[in-house]
Q: 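Quick one: this structure, given as structure tokens, is what I'll be asking you about.
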Amino acid sequence: QVQLVESGGGLVQAGGSLRLSCAASGNIFRINDMGWYRQAPGKQRELVAAITSGGSTNYADSVKGRFTISRDNAKNTVYLQMSSLKPEDTGVYYCNVETYSFTRMVLFAWGQGTQVTVSL
């Protein structure tokens with residue numbers, strides 16, 4: 001079992017910033033890719049940003065230049081720094097982690113979701 005605990009969501013005005021955190025714990029031998037997804041009302045969950053174990057990143061076109069994903073391997077934590085927030089960024093943000101368990105099984109885990117609301 002792998003557990004992810006998210007924090008950092010909230011209400012912010014357009015142009016503001018938030019930093020989301022996602023800490024992983026449990027049956028983890030190593031963490032591979034980590035990512036952030038979001039889901040807005042009436043829309044499918046979409047990938048916002050991802051980071052590999054080697055530090056390579058990719059972003060959705062809509063957030064490039066505004067969001068930065070990073071990780072702290074010592075803390076098993078992934079972050080999403082969001083700046084210049086827009087109302088279109090509103091949604092529930094979920095972190096996702098791909099891990100290897102101590103028995104060499106690939107495990108995927110989702111965070112509980114944290115609400116981000118950007119107002120005008």
Q: Among Arg38, Lys86, Glu88, Met82, exactly one meets side-chain contact (heavy atoms from CB on, under 4.5 Å) together with Val63. Which residue is that?
A: Arg38

Q: Between CE of Met34 and CG of Leu80, what distance do you get to the nearest 0.5 Å?
A: 11.5 Å

Q: What I'd like to find out is whether the side chain of Leu107 reaches to under 4.5 Å of the side chain of Tyr100, using heavy atoms alone.
A: no

Q: Are any of the side-chain heavy atoms of Leu11 and Gln115 separated by less than 4.5 Å?
A: no

Q: Would you say Gln81 and Ser83 are linked by a side-chain donor-acceptor pair, where the criterion is simply a distance under 3.5 Å?
A: no

Q: Could you go through the side-chain contact (heavy atoms from CB on, under 4.5 Å) check for Ile31 and Val78 one step at a time?
A: CA-CA 11 Å; Ile31 298 178; Val78 60; over 6 Å; no

Q: Which value, rounded to the nearest 0.5 Å, describes the distance between Asn96 atom CG and Leu4 atom CG?
A: 7.5 Å

Q: Which value, rounded to the nearest 0.5 Å, describes the distance between Leu18 atom CG and Leu85 atom CG?
A: 5.5 Å

Q: Output the distance between atom CG (Asn73) and atom CZ (Arg30), rounded to the nearest 0.5 Å.
A: 9.5 Å

Q: Other than Leu120, which residues form its hydrophobic cluster under the rule that side-chain heavy atoms must be closer than 4.5 Å?
A: none

Q: Restricting to salt bridge (Lys or Arg N to Asp or Glu O under 4.0 Å), what partner residues turn up for Lys43, sequence neighbours left out?
A: none

Q: Report the distance from atom OG of Ser53 to atom CG of Asp33, rounding to the nearest 0.5 Å.
A: 6.5 Å

Q: Determine whether Met105 and Phe29 fall in the same hydrophobic cluster, where Ile, Leu, Val, Met, Phe, Trp and Tyr are linked whenever their side-chain heavy atoms lie under 4.5 Å apart.
A: no

Q: According to side-chain hydrogen bond (donor to acceptor under 3.5 Å, both in side chains), who are the partners of Glu98, at least two apart in sequence or on a separate chain?
A: Asn32

Q: With ILVMFWY side chains joined below 4.5 Å, transitively, what does Trp110's cluster contain besides itself?
A: Tyr37, Leu47, Val92, Tyr94

Q: How long is the straight-line distance from OG1 of Thr52 back to CD1 of Ile69, given to the nearest 0.5 Å?
A: 10.0 Å

Q: Once ring pair (Phe, Tyr, Trp, His ring centres under 6.0 Å) is applied, what residue pairs with a partner in residues 41-90 remain, sequence neighbours excluded?
A: none

Q: Take atom CD in Gln13; do more than 12 heavy atoms of anything else shown fall under 6.0 Å from it?
A: no

Q: Enumerate the disulfide bond (SG atoms under 2.5 Å apart) contacts for residues 43-119, please, sequence neighbours excluded, ordered by first and then second residue.
A: Cys22-Cys95

